[in-house]
Amino acid sequence: MTLPTTSIAATLSEAIKADMPSLMALYRDLHANPELSMQETRTPSKLAPELKKLGFTVTQKVGKTGVVAVMKNGPGPVLMLRADMDALPVVEQTGLPFASKVRAVARSGVETGVMHACGHDTHMSAFIGAARRLAAMKDQWSGTLVMILQPGEETGEGAKAMLDDGLYTRFPKPSHVLAFHDAAALPAGVIGVTPGYALANVDSVDISVRGVGGHGAYPHTTRDPIVLASRIVTTLQTLVSRENDPANPAVVTVGSFQAGAKHNIISDEAKLQLTVRSYTPEVRKLLLDGIRRIARGEAIAAGIPDDRMPVVTIREAEYTPATYNTEKLSNRALELFTQHFGQQRAIKTPAVMGGEDFSRYWLADKSIESLIFWVGGTPLDKWKAAGGNPQKLPSLHSPFWAPEADTVIATATEALTLAALDVLKKG
């Protein structure tokens, strides 16, 4: 494979620089007007006309609110570029002049602030930037470009919704899929590529721990579900520390423990909520099977009758499968980005335990070459002040997350365009 010529790369950089005022205006508008998962209506209505003006054939309402834009430009591969549209139920505290003041009703029925606290506004802006460059450079590539705006990434349902709505049958099926995500754990403008497993399986698990309630002064007449649930919580820790191979990463976190309502009442139920993370199907099975076994085993040891055994519910509808970056495309992209941006700005990064439903595009057909890469967003002065320690800085999903948006958007636009030109290069 050959790198685009130096003149092409220089022209690309100049074109992106000239386009940045427009892209930043778009970014500020998107940031100030976020929408919750699967409620995205204004966002696709704003961006679809942009794609139509560039010459794409555009279809809206794919997977409820998704957008699919197709540009056929001769024979060659089919490349799909994806950006996610949804925001989070977070009250913004960045202090930005264009900070979100939007409020909406979440699925829980609770009214909440809404914020692009995960940077999807930078994703969409760079997506439009890359669309503009590729439309303007049609003489330099051959193939089919499919660009999709996906809903519901934060809830793990948008990719599946688009696939179920015929993404791979109603539209050209991709041979390559590509996306990026802004990163709080990298300085602004640094690109991270993770070949192989890059993001985790994410499972949400509920455990209803049932006991026999009664008066707190007479515990011997009860079967205390709080004590039982506490034993379940501590024993669950052995799944990672004693049952899983340490060479295979795994996480079992109990994020919520709810029980009781008064000092002197032993309740008859305690409720646990867990997040469970893994990379491989084998480790996922070990953890989920182990949770069921431990819950039942501790209940038996506590003398709970059979008809009051804990109820373990794995929320399959909310499951996000692990994201796998195929070796060929990942290594090629890292080589390409290193040659173009330099070794200081293109690095190999370790896998993380976050989740991304971008994974589903490859899982739907494993012959596809797939890659999602990182673009750092933490301003360099803040990165240096923190000594390069991300734990001292706002993270993704923080109400204080304010990436250096111009650097993220310019870098990502250039990287997406370069990678696309490489995949779709002429004979």
In sequence, state the C-alpha distance, the side-chain angles, and the governing distance for R133 and L416, and then conclude on side-chain contact (heavy atoms from CB on, under 4.5 Å). CA-CA 10 Å; R133 291 307 100 225; L416 288 169; over 6 Å; no

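- Rounding to the nearest 0.5 Å gives a distance of 15.0 Å between NZ of K64 and CD of Q60.
- Using cut-offs of 30° and 60° on the angle between ring planes, the pair H181 and W374 is tilted.
- Judged purely by atom type and a 3.5 angstrom limit, S100 uses its side chain to pair as donor or acceptor with the backbone of V102.
- Salt bridge annotation for E50-R132: present, with a cationic side-chain nitrogen under 4.0 angstrom from a carboxylate oxygen.
- Two residues are said to be in side-chain contact when any heavy atoms from C-beta on lie closer than 4.5 Å; Y279 and Y324 fail this criterion.
- Salt-bridge check for D165 with R170: passed, with a basic side-chain N closer than 4.0 Å to an acidic carboxylate O.
- Aromatic ring centres of Y27 and H31 lie closer together than 6.0 Å.
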Using the rule given for side-chain hydrogen bond (donor to acceptor under 3.5 Å, both in side chains), can you reason through T235 versus E298, listing the C-alpha separation, both sets of side-chain angles and the distance that settles it, and then say yes or no? CA-CA 8 Å; T235 306; E298 290 292 348; 2.8 Å; yes

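- Look at D164 and R360 and you find no salt bridge, because none of the NZ, NE, NH1 or NH2 atoms lies under 4.0 Å from a carboxylate O.
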Decide side-chain contact (heavy atoms from CB on, under 4.5 Å) for E40 and L149; before the verdict, give the C-alpha distance in whole Å, the side-chain angles of both, and the deciding distance to 0.1 Å. CA-CA 10 Å; E40 310 92 342; L149 291 163; over 6 Å; no

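- Side chains of S204 and Q273: no donor on one and acceptor on the other come within 3.5 Å.
- The distance from atom CG of N248 to atom CG of L286, rounded to the nearest 0.5 Å, is 9.5 Å.
- A donor and an acceptor atom, one from each side chain of T275 and R277, are located under 3.5 Å apart.
- Side-chain contact between L79 and P77 is absent, with no heavy atoms from C-beta onward closer than 4.5 Å.
- Under a 3.5 Å cut-off, the side chain of E369 and the backbone N or O of L329 do form a donor-acceptor pair.
- Here the CG-CD1 distance, from L51 to I128, works out to 4.5 Å after rounding to the nearest 0.5 Å.
- K160 has no carboxylate O lying under 4.0 Å from a charged side-chain N of D357, or vice versa, which leaves the two without a salt bridge.
- Between R107 and E157 there is a salt bridge, with a side-chain nitrogen of the basic residue lying less than 4.0 Å from a carboxylate oxygen of the acidic one.
- Taking a cutoff of 4.0 Å between a charged side-chain nitrogen and a carboxylate oxygen, R315 and D206 qualify as a salt bridge.
- Within the model, atoms OG of S256 and NZ of K271 stand 10.0 Å from one another, a figure rounded to the nearest 0.5 Å.
- If you take CE on M162 and OG1 on T65, they are separated by 8.5 Å, rounding to the nearest 0.5 Å.
- When side chains are defined from C-beta on, I372 counts as touching L199, because their heavy atoms get closer than 4.5 Å.
- Smallest separation of non-hydrogen atoms from N244 and P249: ND2-C, 4.4 Å.
- Taking every heavy atom of both residues into account, I191 and F373 meet most closely at CG2-CD1, 3.8 Å.
- A salt bridge links E335 to R332: at least one charged side-chain nitrogen sits closer than 4.0 Å to a carboxylate oxygen.
- Nearest heavy-atom pair across P403 and T122 is CG-CG2, 4.2 Å.
- Rounded to the nearest 0.5 Å, atoms OG (S359) and OH (Y361) are 9.5 Å apart.
- No side-chain donor-acceptor contact under 3.5 Å links D121 to the backbone of L30.
- Here the closest non-hydrogen pair linking P151 and M85 is N-CE, 3.8 Å.
- Between the side chains of E35 and T43, at least one donor N or O lies within less than 3.5 Å of an accepting N or O.
- Counting only N and O atoms by type, the side chains of Y319 and N201 include a donor and acceptor under 3.5 Å apart.
- Salt bridge K384/D381: absent, no basic N to carboxylate O contact under 4.0 Å.
- A salt bridge links R103 and E111; the closest N-O separation between the charged side-chain nitrogens and carboxylate oxygens is under 4.0 Å.
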Please step through side-chain contact (heavy atoms from CB on, under 4.5 Å) for the pair L12 and E414, ending with a clear verdict. CA-CA 7 Å; L12 175 60; E414 198 160 357; 4.1 Å; yes

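- Classification of the H120-H116 ring pair by plane angle, with boundaries at 30° and 60°, yields tilted.
- By the 4.0 Å N-to-carboxylate-O rule, E316 lies close enough to R284 to be salt-bridged with it.
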Would you check, one step at a time, whether the test side-chain contact (heavy atoms from CB on, under 4.5 Å) holds for K46 with L26? CA-CA 10 Å; K46 182 177 182 64; L26 174 62; 3.6 Å; yes

